[in-house]
J.: 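I am attaching a structure below and will ask some questions about it afterwards.
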Amino acid sequence: MNCIKITIDPENNVISVWNNGKGIPVIEHQKEKMFVPEMIFGHLLTSSNFDDTQKKVTGGRNGYGAKLCNVFSTKFTVITANKEYKKKFKQTWTNNMSKKTDPKISEFSGSDFTEITFSPDLEKFKMTVLDKDTVALLTRRAYDVAGVTKGVKVYLNGTKLPVNSFKSYCELYLKDKTMDDGAPLKIAHEVVNDRWEVCLTISEKGFQQVSFVNSIATTKGGRHVDYICEQVVSKLMDTVKKKNKGGVNIKPFQLKNHVWLFVNCLVENPTFDSQTKENMTLQAKKFGSTASLSEKFLKGVTSCGIVDSVTTWMKFKQQSELQKKCHSSKHSKLKGIPKLDDANDAGTRFSRDCTLILTEGDSAKSLAVSGLGVIGRDRYGVFPLRGKLLNVREASHKQIMDNAEINNIVKIVGLQYKNKYETEDSLKTLRYGKVMIMTDQDQDGSHIKGLLINFIQYNWPNLLKYHFVEQFITPIVKVSKQKESLSFYSIPEFEEWMRDTENWRQWKAKYYKGLGTSTMKEAKDYFSDMNRHRIMFDYHGADDDAAIELAFSKKKVEDRKEWLTSWLEERKRRKEAGLSDIYLYGKNTKRVTFNDFINKELVLFSNADNERSIPSAVDGLKPGQRKVLFTAFKKYENKEIKVAQMAGAVAELSAYHHGEASLMSTIINLAQNFVGSNNINLLQPIGQFGTRLHGGKDAASPRYIFTTLSPLTRILFNHCDDNLVAYQYDDNQKVEPVWYCPIIPMVLVNGSDGIGTGWSTRMPNYGARDIVKNIKRMLQGEEIVPMIPSYKGFIGTIEEIEPNRFAVSGEIAVVDDNTIEITELPIRTWTQTYKEQVLEPMLHGTDKTPPLIQDYKEYHTDTTVKFVIQMAADKLLRAEQEGLHKVFKIQTTISQANQMVRLNCIHI
DNA sequence: GTCCGAGCTAC
DNA sequence: TTGGGTAGCTCGGAC
């Protein structure tokens, strides 16, 4: 068959369907004693297709369709011509198949055809004429037929339909539709095999499908559609998830809602839930064929706009989720925010005049609260921040949503994410007209200020215009002589004063490190002189925006390098010229621009961050570590001491001004000696200092563990040097030197990790003996031998795979057909982590992968690793072919690319 | 998204 | 109430 002709004549209520397929046999049926065409069209319960054991991919099964058409017609005529029997057959039924003419048989010599002409019994359908809708439906069926049959021309009322393939059929649906940007819809199309053909595009109004099973239009879809849809959606799911890490949760049906799917398939003996065959119900496993979509098609699927549309939708959803975190209207009373001391007038008509003081930590809050005693609590509220605020600039949606601090600030101030605050009037919708940041007057305090500014600027740049953010500064040094007292708000200013004041030694200086240093009385003094301590931030648009972005955008890492470098050069230049350092807060400073804040204040933090995080090239130590060593040399060369106590001693003897918790972790870090930590531990670990099971995180509390200087340390850091190194002074106290001078480069021995601002460092460990040999070579003027990283106690291998890259492999061996043994893991792959992240999923299988191993047993000690793994012989064989190291993930790489060390502190 | 570690912090 | 443990956050680079 290659031609179908359909005519619909609503005026005369006649429809005819003609095709040139093989005619119906014009013979008499042996049993029933009537002609076959008559049987097919005029007698119920006859069909040649009852046998379900035969697998057929045709439409009808029980032979009802044509007969029901006859029953619901006032007139029904069949003409069929059959070349084989050289006969033509014609018969007409009337009155709903109740009357019939005798069949007319005539001789015939042309080619086969069959034609059915019928007049629907309009009365039965409660119609008077074939209405427009019905004609349209029938017309559509004509197009359907044209679309789903291959190589068949379809004529409708004498005109050939412009459809020659399933794809062109699908395109008819889409020809008037465009994407949002006016571009035509992108269509993914694939002929999967001879039974399946699939088209897909984006849908704007929920899931849509057009599908055919064995040429039957399944307008409600069914299992065949689900079958394809599942494959498509799971692919989309992967892509979207990859694109949207940490965003809103997305469910498969939400993706499905953007899909418009066209399926044309052949299924063996399909089943339906009704005679109209709108919904195919056969289970996928009985289809008799499978359709695995090609990568090319799936790529088309992901690039047809669905992913973009879903991400846009998700962004919108994210916005509205964030918006939900805000209160929709201004409340005068807030509930459920612990630690908030709300201003009495917050959220009332006076809210524009209210100021929220944000403090660094709870203790600073107490200070502010005691200050409120002076200025009153009607217009001032206080809320403590806990440590470092989230950098919202490139944070994931989830992170912002879940961040308690950010949400609280938004709620307290009454901020709306959707509001742009373009006019000064719009600030009246807020509960507070201003926020005032009050942090410690140190670099980390500046950082916290910066992070808050970053948060406001990123979400509501306009607020900055209206001086929404200001800060409260406290003195950093106070000098007093008898009853006189002077406050300084920056160290350079103090130094200038010292230079200009001849008898400055007669003054007593007190440094205020942290807000906690100030007494309650001093707090009251600060607040009574609000004018002096309140600093406004001025916003001038682009300049300030750029500065804030420079400091906090993840994309500006390179710019930060340049920023810090030029700052360092400028500082050096000023020093050489005998100028004092630039400072921001002088005696009379009342306002600063954001640009100045970033470039003059925050830069100090960024620089300090590098100074404390990036080790010196000379001794491989960071200042914190050097302070520990300094103290250990001084006091604990042969004496065991509790780590917690040593931290106290370090703070005392070396003027360590930060939290003792970090110091204790630094001490523990220096003393660890498990595989992957130090090659030569400078301190002795006496007690639980952690093991390779948890990467050292299993160290006992600093109260319980003891340490003392390791005997080797004094060999590396020779006594004689103690009098030669350049000691530093803090507040007139002699503290640790700029650097120690070990006899071999310790930065190579123990490696180093550090994360600063603009730069970071990551150095592997090298073998002390290799280093010594190389140094001897250098002393003798020979070429040095390139070294590869080496870790004490590591029994795996480290090989160079390309310049500056090394492969670190554990040890894995096959014991017998279904047993393997892992006896070493790569450096910094901790036993417990490995077990949880690699072996457990292999044992239980994941969503995507079936279980690979049957069982594993552990025989580790604190220093050695031993997993004995049981697995099926065939799986082991396959794993071996693929490479055991790869399958069991016991190979990692380390790179020599990021070896930043501090050279600029070398003074010789 | 995770890790690394010297910093800030609170529950 | 106190001791002990847990938790959030920054920062850059490598996976």
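Chain letters run A, B, ... following the sequence lines, proteins first, then strands; residues in each count from 1.
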J.: Would you kindly compare A:Ala700 and A:Ala551 by the position of their nearest DNA chain C nucleotide and give the one closer to the 5′ end?
T.: A:Ala700

J.: So which of residues 655-667 of chain A are in contact with DNA chain B, with a heavy-atom cut-off of under 4.0 Å?
T.: A:Tyr656, A:His658, A:Gly659, A:Ser662, A:Thr666

J.: Tell me the interatomic distance from A:Ile400, atom CD1, to C:dG8, atom P, rounded to whole angstroms.
T.: 16 Å

J.: Quick one: is C:dC15 close enough that its OP1 or OP2 comes under 4.0 Å of any side-chain N or O from A:Thr893?
T.: yes

J.: Find the distance A:Leu621:CG to B:dG5:P and express it as a whole number of Å.
T.: 15 Å

J.: Whole Å only: how far is the CD1 atom of A:Ile614 from the P atom of B:dC4?
T.: 18 Å

J.: Given C:dG12, B:dA10, C:dG5, identify the nucleotide with an atom nearest to the side chain of A:Asp362.
T.: B:dA10

J.: To the nearest Å, how far apart are A:Phe806 CZ and C:dA14 P?
T.: 14 Å

J.: Respond yes when some side-chain nitrogen or oxygen of A:Lys697 is under 4.0 Å from OP1 or OP2 of B:dC4, and no when none is.
T.: yes

J.: Heavy-atom count around A:Glu800 CD within 6.0 Å, excluding the residue itself: above 12?
T.: yes

J.: OP1 or OP2 of B:dA6 versus the side-chain N and O atoms of A:Lys622: is any pair under 4.0 Å?
T.: yes

J.: Just the rounded figure in Å: distance from P of C:dC11 to CZ of A:Arg393.
T.: 11 Å

J.: Looking across every strand, which nucleic acid part, if any, lies under 4.0 Å from A:Glu405 by heavy atom: base, sugar-phosphate, or nothing?
T.: nothing

J.: Nearest whole Å is fine: how far is C:dG5 P from A:His694 NE2?
T.: 14 Å

J.: Base, sugar-phosphate alone, or nothing: which one does A:Arg805 contact when heavy atoms must sit under 4.0 Å apart?
T.: sugar-phosphate

J.: So if I take every side-chain heavy atom of A:Arg612 and compare against B:dG7, B:dC11, C:dG12, which nucleotide ends up nearest?
T.: B:dG7

J.: Closer than 4.0 Å, any side-chain N/O of A:Asn391 to the OP1 or OP2 of C:dC11?
T.: yes

J.: Students often mix this up, so state it plainly: with edges at 30° and 60°, are the rings of A:Phe552 and A:His447 parallel, tilted or perpendicular?
T.: parallel

J.: Taking only side-chain nitrogens and oxygens of A:Lys339, does any of them come within less than 4.0 Å of OP1 or OP2 of B:dC11?
T.: yes

J.: What is the distance, to the nearest angstrom, from the CZ atom on A:Phe552 to the C1' atom on C:dC9?
T.: 13 Å

J.: A:Asp862: which residues meet the side-chain contact (heavy atoms from CB on, under 4.5 Å) condition with it, sequence neighbours left out?
T.: A:Thr691

J.: Scan A:Gly695 against the nucleic acid and name what it touches under 4.0 Å (heavy atoms): base, sugar-phosphate only, or nothing.
T.: nothing

J.: Kindly write out the residues that satisfy ring-ring contact (aromatic ring centres under 6.0 Å, His included) with A:Phe597, not counting sequence neighbours, or none if the list is empty.
T.: A:Phe537

J.: Near A:Lys792 NZ, under 6.0 Å, is it more than 12 heavy atoms from other residues, nucleotides or ligands?
T.: yes

J.: With respect to the phosphate group of B:dC4, does any side-chain polar atom (N or O) of A:Arg828 fall under 4.0 Å of OP1 or OP2?
T.: no

J.: Indicate whether OP1 or OP2 belonging to B:dC4 is found under 4.0 Å from a side-chain N or O atom of A:Trp830.
T.: yes

J.: Can you see if the side chain of A:Gln399 gets near the phosphate of C:dC9 - specifically, an N or O under 4.0 Å from OP1 or OP2?
T.: yes

J.: I want to confirm an ordering. Mapping A:Tyr704 and A:Asn403 to their closest nucleotides on DNA chain C, which one lands closer to the 5' end?
T.: A:Tyr704

J.: Do the side-chain N or O atoms of A:Arg560 get closer than 4.0 angstrom to the phosphate oxygens (OP1, OP2) of C:dG12?
T.: yes

J.: Quick one: which residue pairs count as a ring-ring contact (aromatic ring centres under 6.0 Å, His included) with a foot in residues 672-704 of chain A, not counting sequence neighbours?
T.: A:Phe674-A:Trp830

J.: If I take atom CH2 in residue A:Trp563 and atom C1' in nucleotide C:dG12, what distance separates them, rounded to the nearest angstrom?
T.: 15 Å

J.: With respect to the phosphate group of B:dA6, does any side-chain polar atom (N or O) of A:Gln625 fall under 4.0 Å of OP1 or OP2?
T.: yes

J.: With a 4.0 Å cut-off on N to O distance, would you call A:Arg828 and A:Asp753 a salt bridge?
T.: yes

J.: Looking for any heavy atom pair under 4.0 Å, which part of the strands does A:Lys554 touch: base, sugar-phosphate only, or nothing?
T.: nothing

J.: Output every pair passing side-chain hydrogen bond (donor to acceptor under 3.5 Å, both in side chains) with a member in residues 659-668 of chain A, not counting sequence neighbours, ordered by first then second residue.
T.: none

J.: Apply side chain to side chain donor-acceptor pair (under 3.5 Å) to A:Lys554 and list each qualifying residue two or more places apart in sequence or on a separate chain.
T.: none

